[in-house]
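Read through the structure below, which is laid out as structure tokens, and then see the notes.
Atom set for the values below is all heavy atoms of this structure, side chains included, hydrogens, waters and symmetry mates excluded. Chain letters run A, B, ... following the sequence lines, proteins first and then strands; every chain starts at 1. Just so you know, these numbers come straight off a predicted model, no measurement behind them.
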There are 2 protein chains.
Amino acid sequence: MSAEPAVEPDRRARRRQESIDEILTTAVEVMAEVGAGGLNLGEVARRVGVRPPSLYQYFPSKSAIYDEVFARGWRELEEHIRAFDRAAGPVHSAGGARDRLRAGSAAFVRWAIEHPVQAQLMFWRPVPGFEPSPEAFAPALALMELTRSTLAGFVAAGWLRPEAAEDDAVRAQTTAMSGVISQQLSNEPAAGFDDGLYTRLIPLLIDMFFDHYSTRKDRP
Amino acid sequence: MSAEPAVEPDRRARRRQESIDEILTTAVEVMAEVGAGGLNLGEVARRVGVRPPSLYQYFPSKSAIYDEVFARGWRELEEHIRAFDRAAGPVHSAGGARDRLRAGSAAFVRWAIEHPVQAQLMFWRPVPGFEPSPEAFAPALALMELTRSTLAGFVAAGWLRPEAAEDDAVRAQTTAMSGVISQQLSNEPAAGFDDGLYTRLIPLLIDMFFDHYSTRKDRP
DNA sequence: GTCTATACGTAGATAGAC
DNA sequence: GTCTATCTACGTATAGAC
């Protein structure tokens, strides 16, 4: 039996967690400089201040690092959107619903543009041999469900046709925003969210969605 | 002065071109198996039946191979769409215009899904250190112009509002389709164009575009 | 134009001492 | 838990003979 105080295991676990966090933060920094596919464990080790083999105490492989960056990215984006939803006030009109969907979509895209490394992993497949685990992908599905329930609320209020909350509509909305992210990251990577050629299309794309699903239509 | 017949240089140039084509075709095959970022010149050489150094007689670097695949991809896609435009008959109604935009967009996305390696290079940035040359990018701009002029025709016929042919509208349309391509390639890479979860959204996305820019609107 | 040989560097991962 | 040492392998690219 050990003579160490009972608190020791907790301290150890905490330090270990800190090491894991530092490795991941550093890995993201490296990827930001060389592209997601160019991650290099030697460089990560150098910056963290350890030798490459030490990294294997925390991650069994390079793929495991990718998977954790991917998973944390989706968790953070999900939390970012949930926080937006909490902060957003209630919606009282069709126009308010449109504004709300615009702002929510902007929050979604903004996070991606401001976290380009994570976004590359989340929206592209830039790393040969790396496929995210299903668990890591779960928050992406949760986010889709969140969008669906927001739209369902607008439908219930009579501001959108029922079809607006169906799978295809939700997916179309997500797909359009992922197009914005993808085009912005690949064609104009140096621009920020506020001055991007593609991010500025968000209100327009939302208007298209609303015009199509609006209940105030003269066409069948 | 050489004693060879004057026709010789042509033959040599033709054989050289055939070698270049074979290298590119093989490189695309390899990338299809390992991902665009995983291209490996040794494997290309092995399949072509030469030693790796011989490849350098045809391409000065690995990046040059990427750039040529990228450039040919855009040229082929441009030609694919021009052929579609030639084959498509004249449009006589707003409904016909909608169908035409649907079919053209589908042709665009279909090519990308059926050429996933090229599409990865054209719509993502999967290769660390590779940025396409401006010349290679030119057909992408030509394609955008092609879309713009199609939409301008619909505007001139009175089927769409003038804004439908403005830069933001054209870019929004392109962006939505690139979202379809990106999502399909990353989330459901094994599906074909005809059974994809995302490719099926094309008609819906086109309807959104048309509903927004239609002249038959009861809203200002 | 293709080859052999090799430079030159990197990279991920493991064994075993401390 | 970190280190040294090393493995093993790959991969791009070049030099120079044929």
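Computed from coordinates, the E43(B) CD to dA9(D) C1' distance equals 15 Å when rounded to whole Å. One atom, CZ of R46(A), and another, P of dC3(D), lie 14 Å apart when rounded to the nearest Å. Here the P atom of nucleotide dT2(C) and the CZ atom of R12(B) are 12 Å apart, to the nearest Å. The distance from atom CD of E22(B) to atom P of dT2(C) is 10 Å, rounded to the nearest whole Å. Put simply, CD1 on I23(A) is 12 Å from C1' on dG1(D), counting in whole angstrom units. Rounded to an integer number of Å, the gap from L41(B) CG to dT10(C) P is 18 Å.
Counting only distance, with no hydrogens or angles, the side chain of S54(A) and the backbone of V50(A) share no donor-acceptor pair below 3.5 Å.
Aromatic pair Y213(A)/F209(A): ring centres closer than 6.0 Å.
Listed by residue number, the members of residues 51-72 of chain B with any heavy atom below 4.0 angstrom from DNA chain C are R51(B), P53(B), S54(B), Q57(B), Y58(B).
Salt-bridge annotation for R82(A) and E145(A): absent, with no side-chain N of the basic residue lying under 4.0 Å from a carboxylate O of the acidic one.
The aromatic rings of F108(A) and F123(A) sit perpendicular, their planes meeting at an angle over 60°, well past the 30° parallel limit.
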Q. Is there a salt bridge (charged side-chain N to carboxylate O under 4.0 Å, His left out) between R72(A) and D67(A) once you walk through the steps?
A. CA-CA 9 Å; R72(A) 289 190 177 200; D67(A) 204 51; over 6 Å; no
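Taking CZ of R148(A) as the start and CD of E166(A) as the end, the distance is 10.5 Å to the nearest 0.5 Å.
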